[in-house]
Protein chains: 2
Amino acid sequence: MHKAERELPSVNAEAMRMVLTLNRATSMVVYDLESSVHRPRGWTWPGFRVLFALWLAGPMEAKTTAEISGMSRAALSALLNTLERDGLLSRERATHDRRALQLSLTDEGYGAILGVFRAHNRRESAWAEALEPEERRELVRLLNKLMAGSTDAQAKFRN
Amino acid sequence: MHKAERELPSVNAEAMRMVLTLNRATSMVVYDLESSVHRPRGWTWPGFRVLFALWLAGPMEAKTTAEISGMSRAALSALLNTLERDGLLSRERATHDRRALQLSLTDEGYGAILGVFRAHNRRESAWAEALEPEERRELVRLLNKLMAGSTDAQAKFRN
DNA sequence: TCTGTTTCATCAAATGTTTGATCATTTGGG
DNA sequence: CCCAAATGATCAAACATTTGATGAAACAGA
């Protein structure tokens, strides 16, 4: 990154490298999971996250699903159209608050998530083996510390 | 992740946690950069990556740009429509190979990338401060090792 | 030289994301 | 009790991404 430092003497090269590397690594992992596990089965990574959340935690309100799976409510709303159309989950108006949506897996969705998650986790395992057990724990610790520190950094979060 | 382990005894929880944490951390960083730096200026993160690559390495063929900025040629092709329309770069047919494209920043693009990168790097610095210098180096080392190991894992890569 | 294959770029259709606006419902203060 | 403000979901427009198909140019071998 010599050019950046030459033309902008104030550049923080170490911070740049950290963010760059973080992104490259994550892109690789996500691309691999998506193209070797999800797309061949007609799924997408965001769709998987939503179904997985519903499988783990059971039926819940859409707002909660959005928080758990890390997306905005608008994005979830669009995504639900596809998932509902494919018969993987059902959308119902909540009884206690008629603005809210109650989401639940259909039987088909329940069966599907089991199989897909198995394949997903096998690929995750293959990635994990690149590191020693101790290194994996350290990586997770560092990433958590990074996230925790973001509050001080006044980072912008999703609604 | 108790449910996953109960219903699927073979689940590798540690691998799952690693991938999950990696994704959560990266999402936070990207979301912050995109929403606090790029979107307010009418840019996107992928557009920034392309312009940044051109700024660092100078005019180059589109194929190279795609590799450097980590996207498929089809995705780059679509993205170029926006960037060219906004007058930030120019697309020209290469002379030696009339199939290939030669990309270069316009003067406007050159000026714009300087300012945006400065703001971008300031946010990167804020994130980096969440870790100690030694921890940053260790994080980068672990991520690089993870990427290096992917070859053994037979991971799928982008074309 | 001609033909079959590879390579570069683009297109098409489907998906998912963002921000900002809109609509309906709920809540809370006067 | 009523009306303003907050909240949940959706819509609209613009973007970016994927896979697979298509067109055009370069290459390689007979």
Side-chain angles (χ1 to χ4, degrees), chain A residues 23 26-28 30-51 60-67 69-86 88 91-103 156-159, chain B residues 23 26-28 30-51 60-67 69-86 88 91-103 156-159:
Chain A
N23 268 286
T26 303
S27 295
M28 283 181 68
V30 169
Y31 184 84
D32 172 58
L33 283 167
E34 191 147 25
S35 65
S36 71
V37 175
H38 300 298
R39 296 240 178 224
R41 290 170 173 78
W43 287 33
T44 61
W45 168 267
F48 170 76
R49 284 204 319 264
V50 165
L51 296 167
M60 65 179 91
E61 289 191 12
K63 189 193 173 189
T64 314
T65 312
E67 280 163 13
S69 51
M71 49 202 324
S72 70
R73 276 175 253 144
L76 177 61
S77 187
L79 183 50
L80 289 179
N81 293 330
T82 318
L83 298 175
E84 192 179 28
R85 186 206 58 195
D86 293 347
L88 298 169
R91 247 174 178 157
E92 285 164 26
R93 223 77 217 182
T95 52
H96 53 81
D97 182 339
R98 277 177 303 159
R99 291 170 305 182
L101 278 187
Q102 184 78 6
L103 304 182
K156 288 216 177 191
F157 300 106
R158 226 177 284 267
N159 307 325
Chain B
N23 268 286
T26 304
S27 295
M28 282 181 69
V30 169
Y31 185 83
D32 172 57
L33 283 167
E34 192 147 24
S35 66
S36 72
V37 175
H38 300 297
R39 295 234 179 230
R41 291 170 173 77
W43 287 32
T44 61
W45 167 268
F48 170 77
R49 285 204 319 265
V50 166
L51 296 167
M60 66 180 93
E61 290 191 12
K63 190 194 172 188
T64 314
T65 312
E67 280 162 14
S69 52
M71 49 200 326
S72 70
R73 276 175 253 146
L76 177 61
S77 187
L79 184 49
L80 289 179
N81 293 330
T82 318
L83 298 175
E84 191 179 28
R85 185 206 58 196
D86 293 348
L88 298 169
R91 246 175 179 158
E92 284 164 25
R93 224 74 218 185
T95 51
H96 54 81
D97 182 339
R98 278 177 303 159
R99 289 170 306 182
L101 277 187
Q102 183 78 5
L103 303 182
K156 289 216 178 191
F157 300 105
R158 225 176 287 266
N159 308 325

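Values below: all heavy atoms of this structure, side chains included; hydrogens, waters and symmetry mates excluded. Proteins get letters first, then strands, A, B, ... in listed order; numbering begins at 1 in each.
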ask   = Taking atom OG1 of A:Thr64 and atom CG of A:Leu101, what is their separation to the nearest 0.5 Å?
value = 11.0 Å
ask   = Are A:Leu103 and A:Glu84 close enough, and set up right, to give a side chain to side chain contact (heavy atoms under 4.5 Å, CB included), and what steps lead you there?
value = CA-CA 10 Å; A:Leu103 304 182; A:Glu84 192 179 28; over 6 Å; no
request  = Name the residue closer to the 5' end of DNA chain C, choosing between A:Ala75 and A:Arg99 according to the nucleotide with the nearest heavy atom.
outcome  = A:Ala75
key: A:Glu61 and A:His96 side chains, donor-acceptor separation under 3.5 Å   = yes
inquiry  = At less than 4.0 Å, is any side-chain N or O atom of B:Arg85 found next to OP1 or OP2 of D:dC15? Yes or no.
reply    = yes
message = If the cut-off is 4.0 Å, is A:Thr44 near the phosphate of C:dT15, judged by side-chain N/O to OP1 or OP2?
response = no
request  = Please round to the nearest 0.5 Å and tell me the distance separating atom CD of B:Gln102 and atom CG of B:Asp97.
outcome  = 11.0 Å
key: Nearest-angstrom distance from the residue atom CG of B:Asn81 to P of C:dT10   = 7 Å
remark   = Out of D:dG8, D:dT19, C:dT17, minimum distance to the side chain of A:Ala78 belongs to C:dT17
request  = Let me know the distance between CH2 of B:Trp45 and C1' of C:dG16, rounded to the nearest Å.
outcome  = 19 Å
ask   = In whole angstrom, what separates A:Leu101's CG from C:dT26's C1'?
value = 15 Å
ask   = Nearest to the side chain of B:Ala74, which nucleotide is it out of D:dA25, D:dT19, D:dT17?
value = D:dT19
task = Select base, sugar-phosphate, or nothing to describe what B:Ala100 touches, counting heavy atoms under 4.0 Å on all strands.
result = sugar-phosphate
task = Quickly work out the A:Leu88 CG to C:dT15 C1' distance and round it to whole Å.
result = 14 Å
remark   = Whole-Å distance, A:Glu61 CD to D:dT7 C1', equals 12 Å
inquiry  = On DNA chain C, does the nearest nucleotide to A:Leu83 precede the nearest nucleotide to A:Thr95 from the 5' side, or the other way round? Give the residue.
reply    = A:Leu83
inquiry  = Is there a side-chain contact between B:Ser77 and the phosphate of C:dA9, meaning an N or O under 4.0 Å from OP1 or OP2?
reply    = no
note = Closest to the side chain of B:Asp97, out of C:dA24, D:dA25, C:dA9, is D:dA25
key: Nucleotide nearest A:Arg39 when distance is taken to its side chain, options C:dT18, C:dT10, D:dT19   = D:dT19
task = Over 60° means perpendicular and under 30° means parallel, so classify the ring planes of A:His38 and A:Trp45, tilted if in between.
result = perpendicular
inquiry  = On the nucleotide D:dC15, are OP1 or OP2 found under 4.0 Å from the side-chain N or O atoms that B:Thr82 carries?
reply    = no
ask   = Atom CE of A:Met71 to atom P of C:dT19: distance rounded to whole Å?
value = 13 Å
key: Point-to-point distance, once rounded to the nearest 0.5 Å, from CG of A:Leu83 to CG of A:Leu76   = 8.5 Å
key: DNA chain D: 5'-proximal contact among A:Ser35 and B:Leu79 (nearest heavy atom)   = B:Leu79
note = Taking D:dT17, C:dT17, D:dA9 as options, the one with an atom nearest any side-chain atom of B:Arg49 is D:dT17
request  = To the nearest Å, give me how far apart NZ (B:Lys63) and P (C:dA9) are.
outcome  = 8 Å
request  = Using atom CG of A:Asp86 as one end and atom C1' of C:dT15 as the other, report the distance to the nearest whole Å.
outcome  = 11 Å
task = Report yes if a side-chain nitrogen or oxygen of A:Arg91 is closer than 4.0 Å to either non-bridging phosphate oxygen (OP1 or OP2) of D:dT10; otherwise report no.
result = yes
Among C:dA9, C:dT17, D:dT18, the one nearest B:Arg93 by side-chain distance = C:dA9
ask   = If you check the B:Pro46 side chain, which of C:dC8, D:dA9, D:dT17 turns out closest?
value = D:dT17
ask   = Which one, C:dA9, D:dT18, D:dT10, comes nearest to the side chain of B:Arg73?
value = C:dA9
